[in-house]
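Here is the naming used below: chain letters follow the sequence lines, and residue numbers restart at 1 for every chain. These numbers come from the heavy atoms of this one structure, side chains and all, not from hydrogens, waters or symmetry mates. Just so we're clear, the structure is a prediction, and the values are computed from it rather than from any experiment.
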Protein chains: 2
Amino acid sequence: MLRLSKKSEYALMAVQYIASCDGRVVSAKEIAEKYAISFEFVSKALQALMRRKFIASQQGAGGGYIMLRDPKTLSVAEILEAVEGKQRLVECCGEGGAGACSMHGRCTIRTPLAIIQRRLDAVLQSMTVAQMAFPDDNLEQYVVISQLTGSLEASFSN
Amino acid sequence: MLRLSKKSEYALMAVQYIASCDGRVVSAKEIAEKYAISFEFVSKALQALMRRKFIASQQGAGGGYIMLRDPKTLSVAEILEAVEGKQRLVECCGEGGAGACSMHGRCTIRTPLAIIQRRLDAVLQSMTVAQMAFPDDNLEQYVVISQLTGSLEASFSN
DNA sequence: TGGATTCAGGACTGAAAAAGTCGTATATTT
DNA sequence: AAATATACGACTTTTTCAGTCCTGAATCCA
Ligand code: SF4
Ligand code: SF4
């Protein structure tokens, strides 16, 4: 219940690869072969990324995909939302707010879960496609984050 | 794909309620009625919590459940793991490590995902049952956390 | 012009997981 | 003994996931 779907995994692989090919047009076929995954299925993920204008598509022979958004400002959270839709921990912190769930009157875990939701969102927004594609450029940022989460753990896990 | 299962939601409700009843024995029936959820189903969650010794069970008339672990040291992460088993974002950061997935040779998103996994774990460990059951006692901790995640967002979302 | 290549997207299918139910056994109180 | 409660495995139903298939449209090249 906190597992990435295959479609999401494939989307992350694909966008990471396209970003790393910086400027070159890369086809769905090439991606499917590189990672040995289903061509039709990864195509679905690519189409979703195209609809959000994260990548541009070029039809016809020699066509494929190319990065449109700057990888440095494109977060994992945005990729996941593009392929899965806005995913919330529980029904009530989605579209309709508290009214979305029929038992919102009785429920007493809504507020703490909303807090956790915000923290989870922050984590998914904390990694960019650029950091996935060019890890060597970003080592110092990894360190900073692990220090932050370290102090976060130390304060509240006991 | 980042949604809590109903079983997990029920487990959180149940343990929050038992903790808030501090010392009193509370039956599965009472919990099911309070939240208007399936008695049999919430019982499964309670049994999982009992197996991990988070709560103790008392059979027979007048029986039920009572808190065993200190709510202040019991995190949401532990509750979720008790009812769902250890859940990882992707196969490869579970039991068998990198070897668990057949495509670990080709895969290039393993390392970034492992980093995200650690951060997600930290978030789930950052909230305790006590904080869910007695939110008024813990306001200052919420503030501290939101400052931490705030700086986390500010550093990396753009 | 026409065939090869590549993306776009809807319909469909099989497998797996989630959600919930049922039945029986066991422990405890009255 | 009767009533109340938990323990737990088996089972069913519903929903989601993962993948396939097919038709259509854009583009390139000979
Ligand atoms: S209101 Fe409570 S039961 Fe309904 S979705 Fe939100 S957390 Fe879950
Ligand atoms: S190795 Fe890659 S493909 Fe396999 S589970 Fe890990 S992230 Fe997913």
Side-chain angles (χ1 to χ4, degrees), chain A residues 1-11 13-14 18 24-33 35-66 68 80 82-85 87-91 101-103, chain B residues 1-11 13-14 18 24-33 35-66 68 80 82-85 87-91 101-103:
Chain A
M1 108 286 146
L2 277 179
R3 170 156 264 157
L4 245 45
S5 69
K6 283 295 173 191
K7 197 172 169 188
S8 294
E9 272 194 64
Y10 295 169
M13 288 172 181
I18 295 172
R24 204 182 107 232
V25 172
V26 26
S27 72
K29 181 157 169 272
E30 183 181 342
I31 295 171
E33 280 170 358
Y35 293 105
I37 58 186
S38 156
F39 161 76
E40 291 89 349
F41 196 39
V42 76
S43 290
K44 299 256 183 253
L46 287 163
Q47 286 163 25
L49 297 175
M50 182 268 300
R51 274 179 228 118
R52 297 296 182 98
K53 309 265 169 89
F54 296 162
I55 56 180
S57 68
Q58 167 75 38
Q59 290 192 333
Y65 299 90
I66 194 169
L68 207 56
L80 297 183
V83 298
E84 305 282 354
Q87 295 289 327
R88 325 263 54 192
L89 217 44
V90 285
E91 220 179 315
C101 175
S102 62
M103 52 194 297
Chain B
M1 110 285 146
L2 278 179
R3 168 155 266 156
L4 246 46
S5 68
K6 285 293 172 191
K7 196 172 171 189
S8 295
E9 273 194 62
Y10 296 169
M13 288 172 181
I18 295 171
R24 205 183 106 229
V25 173
V26 26
S27 72
K29 180 156 169 272
E30 182 182 341
I31 295 171
E33 280 170 359
Y35 293 104
I37 57 185
S38 156
F39 162 76
E40 290 90 349
F41 197 38
V42 75
S43 289
K44 297 247 184 267
L46 286 162
Q47 285 162 27
L49 297 174
M50 181 268 300
R51 273 179 229 119
R52 295 297 182 96
K53 307 264 168 90
F54 296 162
I55 57 180
S57 67
Q58 166 75 39
Q59 291 190 331
Y65 298 91
I66 194 169
L68 207 55
L80 297 183
V83 297
E84 306 281 353
Q87 294 290 327
R88 326 264 53 193
L89 217 44
V90 284
E91 221 181 315
C101 175
S102 62
M103 51 195 296

State whether A/Y65 places a side-chain N or O below 4.0 Å from either non-bridging phosphate oxygen (OP1 or OP2) of C/dA8.
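Looking at the OP1 and OP2 atoms of C/dA8, one of them is under 4.0 Å from a side-chain N or O of A/Y65.
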Please work out which residues in residues 48-58 of chain A have a non-hydrogen atom less than 4.0 Å from an atom of DNA chain C and list them by number.
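Heavy-atom cutoff 4.0 Å gives A/M50, A/R51, A/S57, A/Q58.
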I would like to know whether B/M13 and B/Y10 meet side-chain contact (heavy atoms from CB on, under 4.5 Å); could you show each step before the answer?
CA-CA 5 Å; B/M13 288 172 181; B/Y10 296 169; 4.2 Å; yes
Quantified as the angle between the terminal helix axes (five pairs each), what is the overall bend of the helix from C/dT1-D/dA30 to C/dT30-D/dA1 to 10 degrees?
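Between the axes fitted at each end of the helix from C/dT1-D/dA30 to C/dT30-D/dA1 lies an angle of 10°.
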Do any of residues 37-44 of chain A sit with a heavy atom less than 4.0 Å from DNA chain D, and if so which?
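Heavy-atom contacts with DNA chain D come from A/S38, A/E40, A/F41, A/K44.
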To the nearest Å, how far apart are [X] [atom1] and [N] [atom2]?
| X | N | atom1 | atom2 | value |
| --- | --- | --- | --- | --- |
| A/Q47 | C/dG10 | CD | P | 9 Å |
| A/R3 | C/dA16 | CZ | C1' | 13 Å |
| A/M1 | C/dA19 | CE | C1' | 16 Å |
| A/E33 | C/dT5 | CD | P | 13 Å |

If I compare all heavy atoms of [X] with all of [Y], which pair ends up nearest, and what's the gap?
| X | Y | value |
| --- | --- | --- |
| A/V25 | A/G62 | CG1-O, 4.1 Å |
| B/F39 | B/A28 | CE1-CB, 3.6 Å |
| A/V42 | A/A14 | CG2-CB, 4.4 Å |
| A/K6 | A/F41 | CB-CE2, 4.1 Å |
| B/C101 | B/E91 | CA-OE2, 4.2 Å |
| A/V83 | A/A11 | CG1-CB, 3.7 Å |

As an exercise, state the distance from [atom1] of [X] to [atom2] of [Y], rounded to the nearest 0.5 Å.
| X | Y | atom1 | atom2 | answer |
| --- | --- | --- | --- | --- |
| B/M1 | A/S8 | CE | OG | 5.0 Å |
| A/I66 | A/I55 | CD1 | CD1 | 10.5 Å |
| A/L2 | B/L4 | CG | CG | 7.0 Å |

Charged N to carboxylate O under 4.0 angstrom, A/E9 versus A/R3?
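Between A/R3 and A/E9 there is no salt bridge, as every charged N stays at least 4.0 Å from the carboxylate O atoms.
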Leading and trailing nucleotides of DNA chain D with any atom under 4.0 Å from heavy atoms of chain B:
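Contact boundaries, 5' end first: D/dT4 to D/dA10.
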Evaluate the side-chain contact (heavy atoms from CB on, under 4.5 Å) criterion for residues A/L46 and A/I31: first the C-alpha distance (whole Å), next the side-chain angles of each, then the deciding distance (0.1 Å), finally the verdict.
CA-CA 10 Å; A/L46 287 163; A/I31 295 171; 4.1 Å; yes
DNA chain D: 5'-proximal contact among B/G64 and A/S5 (nearest heavy atom)
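Going by which nucleotide is closer to the 5' end, it is B/G64.
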Among pairs that include at least one residue of residues 35-58 of chain A, which meet side-chain hydrogen bond (donor to acceptor under 3.5 Å, both in side chains), considering only residues two or more places apart or in two chains?
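Non-adjacent pairs meeting side-chain hydrogen bond (donor to acceptor under 3.5 Å, both in side chains): A/Y35-B/T108.
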Protein-nucleotides 1-4 of chain C N/O pairs closer than 3.5 Å?
none

